[in-house]
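As structure tokens, the structure follows; a few thoughts come after it.
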Amino acid sequence: MPATKVIVNIPGEEAYDVRIGGGVLANLGAHLRKLPVFAESDRALVVTDENVAPLYRADAKEALAQAGFRVSDIAVPAGEGSKSVEVAGEIWEAMASLALGRDCVVVALGGGVVGDLAGFVAATYMRGVPVVQVPTTLLSMVDSSVGGKTGVNLAAGKNLVGAFKQPAYVCADTATLATLDEREWACGCAEIAKSAVIDSDDFFFWLVDAAGALAARDEVVVEEAIARSVVFKADVVAADKSESKGVRECLNYGHTLGHAVESLAGYGAFSHGAAVAEGMRFAARMAVSLVDAPLDLVETQDSLLDQLGLPALDWSAEPEAMLEAMKRDKKARRGQVRFVLPRDVGSWQLADVDDATILDHLNAWAR
Ligand code: NAD
Ligand code: MG
């Protein structure tokens with residue numbers, strides 16, 4: 001079957017493949033068998049959620065069983081609430097009850113919630129067993145399944161406990177996207193658009209041309225959009241594996257205001273992607289006045305986001321409340337709010353912006 005392969009090569013880590021295409025899930029087990037790390041292993045645990053289980057669990061288990069794995073599975077409730085220490089604990093206990101040893105493989109079948117949770121469980125069970133990511137949302141295919149960040153949430157905030165754990169393999173079967181609703185689709189599109197702006201003219205203007213086809217889920221365009229996003233993310237992660245060099249922060253483009261929108265509107269009111277798109281619109285405008293970005297970046301990006309089903313939000317909050325919400329975000333530095341600002345397509349910088357300047361922009365934004 002035709003599929004795209006991207007190799008992720010991060011210094012100090014085993015290189016791994018990302019397979020992207022319709023139907024690649026059927027070859028999951030056969031592919032794992034070719035990797036030295038799985039030559040001897042015979043136990044696999046599929047971790048999924050209750051929405052994905054009835055859709056794709058049987059296919060995943062079958063693909064693994066065919067390659068000689070003895071497969072167990074566990075389905076957690078769907079949603080962010082499962083990214084918890086409690087649910088991680090239930091999976092650890094289940095693994096121990098199944099007598100899974102260090103030679104087992106954890107297969108994360110689902111969106112970013114399952115990927116982050118199962119990745120974290122794999123990073124910690126018996127001090128670490130291999131994990132394979134089988135992302136089934138557009139967001140998890142383009143963003144969370146690659147790069148090795150895993151973790152769970154605490155009451156005090158998202159992703160406060162976790163580990164860096166690169167997968168041994170990523171299997172992105174685009175056929176699974178057929179059941180994804182529009183809201184989740186647009187969510188992935190926002191991260192694709194984010195990647196394109198930060199990456200290059202080549203990616204950005206390709207996406208501008210392809211936006212209609214991506215929104216219509218044209219198979220060829222979807223596969224290419226995922227592949228381009230994965231190549232971008234892999235390059236960023238290779239340059240800054242543990243987010244210590246200020247490179248990986250570019251992945252937060254649109255997220256500073258986006259997180260504030262999510263928290264003030266109430267989590268779930270807007271999708272993460274809709275909030276990030278709003279944050280990109282705001283950051284691009286800020287970039288025009290603060291770092292000399294060209295005005296047509298704002299206009300082209302606005303129309304790209306419109307086409308991808310990410311319209312400007314019909315919602316606003318008091319500028320002071322937005323500023324406070326941004327300061328509560330764990331990414332604020334010494335009380336200053338940090339933005340990723342595009343100087344132009346393919347060129348960005350970090351800016352710690354003072355309160356008065358942010359308030360000016362928020363006031364202009366609210367009109
Ligand atoms: P999600 O995992 O909650 O999935 C969204 C919804 O879609 C869920 O209800 C899920 O059950 C359902 N679903 C999944 N696949 C489906 C399919 N094929 N058909 C129908 N329904 C399907 O959310 P998400 O947007 O995939 O991921 C969000 C999570 O990812 C957040 O917790 C976020 O923190 C995390 N994340 C992690 C990274 C990272 O680098 N590790 C990066 C970005 C986001
Ligand atoms: Mg995001």
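Position 1 is the first residue of the sequence; numbering continues from there. Below, each value reflects all heavy atoms present in this structure, side chains not excepted, and no hydrogens, waters or symmetry copies. These numbers were taken from a predicted model, which means no experiment stands behind them.
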Decide yes or no for V208 and V345: does some side-chain heavy atom of the first lie under 4.5 Å from some side-chain heavy atom of the second?
no

Taking the side chain as everything from C-beta on, heavy atoms only, tell me whether V76 gets closer than 4.5 Å to E90.
no

Could you state whether V37 and V8 fall into the same hydrophobic cluster, counting links through intermediate Ile, Leu, Val, Met, Phe, Trp or Tyr residues with side-chain heavy atoms under 4.5 angstrom apart?
no

Flag yes if more than 12 heavy atoms outside E80 fall under 6.0 Å of its CD atom; otherwise flag no.
yes

Could you tell me if the side chain of F120 sits less than 4.5 Å from the side chain of V161, heavy atoms only?
yes

Nearest atoms (heavy-atom pairs only) where G112 meets S144
CA-OG, 3.4 Å

Evaluate the criterion salt bridge (Lys or Arg N to Asp or Glu O under 4.0 Å) for residue pair K149 and D143; output intermediate values, then yes/no.
CA-CA 10 Å; K149 275 195 185 180; D143 192 351; over 6 Å; no

For the residue pair E223 and T4, confirm or rule out a side-chain donor-acceptor distance under 3.5 Å.
yes

So do the side chains of L139 and E184 get within less than 4.5 Å of each other, counting heavy atoms only?
no

Nearest 0.5 Å please: distance from the CG atom of L207 over to the OG atom of S229.
8.0 Å

Can any side-chain N or O of N153 pair as donor or acceptor with the backbone N or O of N159 at less than 3.5 Å?
yes

Let me see the working for R338 and D329 under salt bridge (Lys or Arg N to Asp or Glu O under 4.0 Å), right down to the final yes or no.
CA-CA 10 Å; R338 176 165 283 195; D329 200 284; over 6 Å; no

Could you point out which residue of D173, V134, T179, T48 forms a side chain to side chain contact (heavy atoms under 4.5 Å, CB included) with Y56?
T179

NZ or CZ of R217 within 45° of W185 ring axis and under 6.0 Å
yes

Does K233 reach the main-chain N or O of V142 with its side chain, forming a donor-acceptor pair under 3.5 Å?
no

Greater than 12 external heavy atoms within 6.0 Å of Q66's CD
yes

Atom CG in L109, atom CG in L64: separation rounded to 0.5 Å?
9.5 Å

Spatial distance of atom CG (L100) from atom OH (Y125) [nearest 0.5 Å]:
5.5 Å

Worked verdict on L28 versus V132 for side-chain contact (heavy atoms from CB on, under 4.5 Å)
CA-CA 10 Å; L28 173 64; V132 168; 4.0 Å; yes

Charged N to carboxylate O below 4.0 Å: is that the case for E324 and R328?
no

Between the CE atom in M141 and the CD1 atom in I20, the distance rounded to the nearest 0.5 Å is 9.0 Å

Can you confirm whether the side chains of D354 and T357 place a donor and an acceptor under 3.5 Å from each other?
yes

Indicate yes or no for a side-chain donor-acceptor contact from K241 to the backbone of I10 under 3.5 Å, with no hydrogens or angles considered.
no

Determine whether a donor-acceptor pair (N or O, by modelled atom type, separation under 3.5 Å) exists between the side chain of S145 and the backbone of S140.
yes

Spell out, yes or no, whether V221 and L308 are grouped together once hydrophobic residues are joined by side-chain heavy atoms under 4.5 Å, including indirect joins.
yes

Honestly curious: do V288 and V353 fall in one hydrophobic cluster under the side-chain, below-4.5 Å linking rule?
no

Before you tell me yes or no, could you show the steps for R183 and D181 under salt bridge (Lys or Arg N to Asp or Glu O under 4.0 Å), namely the whole-Å CA-CA distance, both residues' side-chain angles and the distance that decides it to 0.1 Å?
CA-CA 6 Å; R183 177 183 162 111; D181 66 25; over 6 Å; no

Stepwise side-chain contact (heavy atoms from CB on, under 4.5 Å) test for F204 and D199
CA-CA 8 Å; F204 184 75; D199 185 57; over 6 Å; no

When you compare the side chain of V46 with that of V71, does any pair of heavy atoms fall below 4.5 Å?
yes

Would you mind checking if R43 and D103 are paired as a salt bridge, meaning a charged N to carboxylate O distance below 4.0 Å?
no

Does D355 pair with K327 as a salt bridge, N-O distance under 4.0 Å?
yes

Side-chain donor or acceptor of Q301 paired with backbone N/O of M280 under 3.5 Å:
yes

State, yes or no, whether a side-chain contact exists between V152 and L117 at a heavy-atom distance under 4.5 Å.
yes

Between atom CG of L180 and atom CD of E182, what is the distance when rounded to the nearest 0.5 Å?
8.5 Å

At what distance, to the nearest 0.5 angstrom, does CZ of F339 lie from CG of N252?
12.0 Å

Do V231 and V222 belong to the same hydrophobic cluster, where Ile, Leu, Val, Met, Phe, Trp and Tyr are linked whenever their side-chain heavy atoms lie under 4.5 Å apart, directly or via other members?
yes

Measure up the F203 and W206 rings against each other and bin them: parallel (under 30°), tilted (30 to 60°), perpendicular (over 60°).
tilted

Does S82 use its side chain to pair, donor to acceptor, with the backbone of P77 at less than 3.5 Å?
yes

With the side chain counted from C-beta on, respond yes when L45 and C104 share a heavy-atom pair under 4.5 Å apart, and no when they do not.
no

CD (E320) with more than 12 external heavy atoms under 6.0 Å
yes

D240 side chain vs R248 backbone, donor-acceptor pair below 3.5 Å:
yes

Looking only at heavy atoms, the pair that brings E50 and A75 closest together is OE2-O, 4.1 Å

Would you confirm whether K165, through its side chain, and V129, through its main-chain N or O, come within 3.5 Å as a donor-acceptor pair?
yes

Evaluate the ring planes of H31 and Y169, with Trp represented by its six-membered ring, and classify them as parallel (under 30°), tilted (30 to 60°) or perpendicular (over 60°).
parallel

Does R343 reach the main-chain N or O of D292 with its side chain, forming a donor-acceptor pair under 3.5 Å?
no

For residues A163 and T150, report the shortest heavy-atom separation together with the two atoms involved.
O-OG1, 2.8 Å

Determine the minimum heavy-atom distance between A260 and M322, stating which atoms define it.
CB-O, 4.0 Å

Ignoring hydrogens and geometry, is there a side-chain-to-backbone donor-acceptor pair from D296 to E299 under 3.5 Å?
no

Please find the pair of heavy atoms, one from V197 and one from P342, that lie closest to each other, and give the distance.
CG1-CB, 4.2 Å

Closest heavy-atom contact between L257 and G279?
CD2-CA, 3.6 Å

Can you hop from L214 to V6 via hydrophobic side chains spaced under 4.5 Å?
yes

Any side-chain heavy-atom pair from L350 and V340 closer than 4.5 angstrom?
yes

